[in-house]
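To keep things clear, I will list the structure first and then write my remarks on it.
Any value given below was found using the heavy atoms of this structure, including those in side chains, with hydrogens, waters and symmetry copies removed. Nothing here was measured: the structure is a model prediction, and the numbers come from that model.
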Amino acid sequence: MVLMGTAGYAQRLGSADDGLDIVVLSMELDGPAMASMEMKQELSLTEEQYLMVDKLNKSRYQQLQQVEASFAHDALSRAREFRSVQRQNDENLRSVLTAQQLLKYQKLEGRLDAHLITEHEE
């Protein structure tokens with residue numbers, strides 16, 4: 001599921017990041033590192049923001065793996081937990097990203113309105 005989400009995210013990116021794709025493919029990066037690198041490039045993160053985003057991505061991927069293992073046979077609960085992890089990550093990103101970066105992140109993720117990052121996503 002995590003890999004599908006990463007692949008879906010990568011497919012939504014335009015050809016403008018072809019140079020980044022070449023760099024990413026030439027390195028052996030795991031999911032969190034790849035997500036952090038892409039966010040740094042696409043959102044023009046400062047070094048401080050990058051370090052915080054990288055920490056958040058590592059935590060999010062670890063949580064998603066735990067959810068996948070814990071709810072492997074319960075798709076409904078797994079989906080709820082995935083949404084919960086995503087909502088928590090979005091809230092954490094609010095304290096790291098500027099409003100403009102957050103909006104761009106939402107667009108990259110396929111969620112067009114930053115105001116939709118609320119507890120009302122259920």
Side-chain angles (χ1 to χ4, degrees):
M1 190 75 162
V2 172
L3 294 176
M4 288 174 46
T6 301
Y9 170 75
Q11 288 177 357
R12 285 191 297 271
L13 296 175
S15 60
D17 69 341
D18 287 343
L20 178 61
D21 290 345
I22 292 169
V23 170
V24 168
L25 292 173
S26 70
M27 304 171 139
E28 291 189 30
L29 298 175
D30 59 3
M34 186 179 348
S36 297
M37 181 181 276
E38 286 184 321
M39 287 176 74
K40 181 177 184 177
Q41 176 73 25
E42 296 296 326
L43 303 178
S44 302
L45 299 179
T46 66
E47 192 59 32
E48 183 180 343
Q49 286 176 312
Y50 173 76
L51 293 173
M52 294 170 75
V53 163
D54 189 50
K55 200 179 280 190
L56 290 174
N57 281 331
K58 287 175 183 173
S59 174
R60 177 174 55 111
Y61 273 73
Q62 184 179 39
Q63 290 172 355
L64 291 173
Q65 287 176 337
Q66 290 172 347
V67 168
E68 182 68 34
S70 298
F71 298 99
H73 301 292
D74 185 353
L76 184 59
S77 294
R78 185 174 57 240
R80 282 186 189 136
E81 290 297 316
F82 279 149
R83 282 193 308 274
S84 176
V85 169
Q86 186 62 43
R87 273 194 309 278
Q88 183 60 51
N89 185 66
D90 288 345
E91 287 302 316
N92 291 338
L93 285 173
R94 278 183 189 254
S95 65
V96 175
L97 302 178
T98 66
Q100 189 175 28
Q101 288 170 322
L102 186 61
L103 181 60
K104 188 170 184 177
Y105 170 76
Q106 288 297 301
K107 287 179 182 178
L108 291 171
E109 287 287 307
R111 293 179 276 151
L112 298 178
D113 296 309
H115 70 274
L116 293 178
I117 310 176
T118 69
E119 64 278 356
H120 304 293
E121 270 189 31
E122 301 254 343

With a 3.5 Å distance limit and no angle check, can you tell me whether [X] reaches the backbone of [Y] through a side-chain donor-acceptor pair?
X     : Y     : answer
Ser70 : Val67 : no
Arg78 : Ala72 : yes
Gln63 : Val85 : no
Gln41 : Glu38 : no
Ser59 : Lys55 : no
Gln65 : Gln62 : no

Nearest-0.5 Å distance that lies between atom [atom1] in [X] and atom [atom2] in [Y]:
X     : Y     : atom1 : atom2 : value
Met52 : Leu45 : CE    : CG    : 11.0 Å
Arg80 : Arg83 : CZ    : CZ    : 7.0 Å
Glu47 : Gln49 : CD    : CD    : 10.5 Å
Met37 : Asn57 : CE    : CG    : 12.5 Å

*asked:* If you apply the rule side chain to side chain contact (heavy atoms under 4.5 Å, CB included), what do you find for Leu56 with Gln88, and how did you get there?
replied: CA-CA 10 Å; Leu56 290 174; Gln88 183 60 51; over 6 Å; no
message: Between Lys58 and Asp54, does any NZ, NE, NH1 or NH2 come within less than 4.0 Å of an OD or OE carboxylate oxygen?
response: yes
Closest heavy-atom pair, Tyr105 versus Asn89, reported as atoms and distance to 0.1 Å, is OH-ND2, 3.7 Å
Residues Phe71 and Ser77: closest non-hydrogen pair is CD2-CB, 3.5 Å
Residue set satisfying side-chain hydrogen bond (donor to acceptor under 3.5 Å, both in side chains) with Glu81, at least two apart, ordered chain then number -> none
Any side-chain heavy-atom pair of [X] and [Y] under 4.5 Å:
X      : Y      : result
Leu76  : Asp74  : yes
Glu48  : Leu51  : no
Met39  : Ser36  : no
Gln106 : Asp90  : yes
Leu43  : Leu102 : no

Handout entry: Gln100, CD: over 12 other non-hydrogen atoms inside 6.0 angstrom
Key = no
